[in-house]
Amino acid sequence: MDMPQRKHQQGLVYKESMEMSHILILGGDGYLGWPTAMHFSNLGYDVTVVDNYFRRHACTELDVGMLYPVPSLIERAKLWHSLTGKQIKVVIGDLTDAHVMRSLFDSRIQYSWAQNKRFTGLPETVVHYAEQPSAPYSLINYKYANITLTNNLQVTNNLIFAVRDFSPDTHIIKLGTMGEYGTPNIDIEEGWIEIEHNGRKDNFLFPRQASSLYHTTKIMDTDLMWFGVRMWNLRVTDLMQGPVYGIDTEATAINEKLRTIFNYDEILGTILNRFIVQAVVDYPLTVYGKGGQTRGYLNINDTLQCVHMSELKPARQGELRIFNQITETFSANELAEKVQKVGRSMGYSVQIDHLKNPRKEAEEHYYNPKYQGLVDIGVKPHYLTDGVIEGMFRVVGCFKKNIRRDVIFRGINW
Ligand SMILES: NC(=O)c1ccc[n+]([C@@H]2O[C@H](COP(=O)([O-])OP(=O)(O)OC[C@H]3O[C@@H](n4cnc5c(N)ncnc54)[C@H](O)[C@@H]3O)[C@@H](O)[C@H]2O)c1
């Protein structure tokens, strides 16, 4: 099946029409994948999600609690259909299996897993979220390190070969992380840096130095993508995303059962989400070491916006386009203080604890990343206001009885 035509205008590539655009979301059951699926479905895209429940299995295996129970991906897609009349197609499959990945792009294969649905045609865009996303998980021990390395790299490698072999015009939107850069003592550019050496200049990927094996796989992903772009002219947008916070997106207003997976433990919960849960059950906020660790943060609604704008204005063939996907930076101390201030105004007695740092990381450092590219293509940032934090407190407060204090901090060291 043909894909909608793209046109070039003012240095960017725009699509002629998004009518019947087919978007494939790898990792569609996840914290970001499911809201992304609903977002595009709501806009009238033809959406297919793929997942093997890796994250749910990890939650069970590691015995970490979710804030609330989340229906299976198939149940959620049925609920979405019954509430909106729109269809999100579901494929349950492991994307480290090259056959599964290739089936998604090979229109000759009549693929009929899950719900006996058939494919709509080649995806114009694929959003690649399907990875093991946790630094502590990757460093529990050698077993989890191996799972992280094989899972993440194999999925990415399967993806670039499938696109090369069956659908070379498909735009790959890949989720990278700001953690790829580490905390260098110079300004962080958006992916690329011009280097002058012995009187000659060239452009290179910005130096990367990860502080976990998970982040190392993201660096390797970027290198695999860059290889595919150079060798086979693939079109790739790599989004260097900072830690995401938030629960609700516009689709949650339709029905609370559509809420995304939300973890609050040290392994799978991101820092602000964790802090709010800790505050609600009067568990002192776990700041590691001095708390000067500074990172770029992002509201979950802005993940959706950033992916959507990248989809509307895709990378060119033969381009690896990199955006730093953050909207503001905070130190761990600043985040803890914000949560404390809002929590106390709502009647919670929020304490802050400085634990011996279980991680190997700089606790005080220079941090100055650039993050203009996504704004330039139309993203309008949501900032971390007291109102946003209060809204999260209200949702988390509703599930207070589900919160398990024993899973909040286990002290995974590296
Ligand atoms: N959440 C954040 O703060 C954040 C920050 C920076 C980057 N990222 C990146 O964004 C992406 C999505 O993150 P998330 O927080 O939604 O994580 P998540 O674990 O909730 O989502 C990933 C999904 O991919 C699925 N998956 C993993 N391996 C798979 C495989 N082999 N086959 C099929 N499905 C598989 C998982 O089951 C899960 O549902 C990840 O690549 C992560 O590295 C996330």
Side-chain angles (χ1 to χ4, degrees), residues 24-37 48-62 64 66 70 72-73 76 90-101 103-104 113-114 126-135 137-138 147-159 172-181 210 212-222 225 238-247 249 259-263 265 267-274 295-300 302-304 306-307 323-327:
L24 183 61
I25 298 174
L26 310 181
D29 188 48
Y31 173 59
L32 303 177
W34 174 244
T36 306
T48 302
V49 289
V50 190
D51 210 291
N52 66 344
Y53 296 134
F54 178 102
R55 185 178 182 118
R56 293 179 191 247
H57 294 318
C59 290
T60 308
E61 185 190 356
L62 300 170
V64 298
M66 286 189 194
V70 175
S72 76
L73 187 52
R76 292 202 279 184
V90 176
V91 177
I92 302 301
D94 183 350
L95 294 160
T96 62
D97 179 340
H99 177 70
V100 173
M101 181 71 84
S103 305
L104 301 164
W113 280 21
V126 54
V127 184
H128 173 16
Y129 288 124
E131 301 216 335
Q132 188 299 99
S134 156
Y137 178 103
S138 73
I147 292 172
T148 305
L149 288 164
T150 38
N151 188 69
N152 293 1
L153 295 177
Q154 230 168 310
V155 173
T156 300
N157 194 47
N158 284 343
L159 174 62
I172 300 174
I173 300 179
K174 162 80 180 66
L175 267 289
T177 154
M178 287 297 289
E180 293 182 39
Y181 302 120
S212 82
L213 274 175
Y214 152 67
H215 291 99
T216 302
T217 64
K218 305 300 270 192
I219 292 176
M220 294 171 171
D221 279 344
T222 299
M225 291 288 168
D238 202 345
L239 298 171
M240 300 296 157
Q241 186 173 240
V244 180
Y245 59 84
I247 308 176
T249 61
R259 273 204 178 113
T260 192
I261 280 177
F262 188 96
N263 290 103
D265 62 285
I267 302 173
L268 292 167
T270 49
I271 181 167
L272 186 69
N273 292 354
R274 274 191 280 134
R295 304 286 185 267
Y297 291 90
L298 188 75
N299 186 307
I300 192 167
D302 286 344
T303 297
L304 309 186
C306 292
V307 170
F323 292 127
N324 292 344
Q325 186 167 306
I326 58 177
T327 56

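Since the structure is predicted, the reported quantities are computational estimates derived from the model, not experimental observations. Counting convention: from 1, in listed order, for ligands and their atoms alike.
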Which heavy atom of the protein is the closest neighbour of [atom], given with residue, atom name and distance?
| atom | answer |
| --- | --- |
| atom 21 (O) of ligand 1 | G30 CA, 3.5 Å |
| atom 13 (O) of ligand 1 | L32 CD1, 3.9 Å |
| atom 36 (C) of ligand 1 | D51 OD1, 3.4 Å |

Tell me whether [X] has any N or O atom under 3.5 angstrom from an N or O of ligand 1.
| X | result |
| --- | --- |
| V244 | yes |
| L95 | yes |
| F54 | yes |
| Y31 | yes |
| N52 | yes |

Answer with side chain, backbone, both or neither: which part of [X] has a heavy atom less than 4.0 angstrom from an atom of ligand 1?
| X | result |
| --- | --- |
| T270 | side chain |
| Y214 | side chain |
| N151 | side chain |
| V155 | side chain |

Legend entry - Best match, M101, H128, K218, R295: closest heavy atom to atom 41 (O) of ligand 1: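 Checking each option, the heavy atom nearest atom 41 (O) of ligand 1 is found in K218.
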
Can a donor-acceptor pair be found, under 3.5 Å and without considering hydrogens, that links the side chain of N273 to the backbone of G246?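 It does hold such a pair.
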
*Mind checking side-chain contact (heavy atoms from CB on, under 4.5 Å) for N52 and listing every partner two or more places apart, or none if nothing turns up?*
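Testing N52 for side-chain contact (heavy atoms from CB on, under 4.5 Å), a comparison that skips the adjacent residues, returns F54, D94.
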
Worksheet item: Of all residues at least two apart in sequence or in a different chain, which pass the side-chain contact (heavy atoms from CB on, under 4.5 Å) check with S72?
Response: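 For S72, the residues satisfying side-chain contact (heavy atoms from CB on, under 4.5 Å) (neighbours in sequence not counted) are Y53, I74, E75.
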
task = Determine whether the side chains of S138 and Q132 contain a donor N or O and an acceptor N or O closer than 3.5 Å.
result =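 Side chains of S138 and Q132: no pair found under 3.5 Å.
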
field: Residues R56 and D29 bridged, charged N to O under 4.0 Å
entry: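 So R56 pairs with D29 through a salt bridge.
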
Q) Can you name the closest pair of heavy atoms from G269 and R274 and give their distance? A)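 Looking at all heavy atoms of both residues, the shortest contact is O-NE, 3.1 Å.
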
Closest contact, heavy atoms only, M101 versus V155
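Scanning both residues, the minimum pair turns out to be CE-O, 3.4 Å.
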
- Item | Atoms of ligand 1 close to D29 [distance to a heavy atom under 4.0 angstrom, numbered from 1] |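 So the answer, numbered in order with elements, is 39 (O).
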
Q: Begin with the C-alpha distance, continue with both residues' side-chain angles, and end with the deciding distance and a verdict on salt bridge (charged side-chain N to carboxylate O under 4.0 Å, His left out) for D221 and K174.
A: CA-CA 9 Å; D221 279 344; K174 162 80 180 66; 3.1 Å; yes

**Message:** Name the residue from V244, L298, D302 that meets the side chain to side chain contact (heavy atoms under 4.5 Å, CB included) definition with Q325.
**Reply:**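 For Q325, the side chain to side chain contact (heavy atoms under 4.5 Å, CB included) test succeeds with only one of V244, L298, D302, which is L298.
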
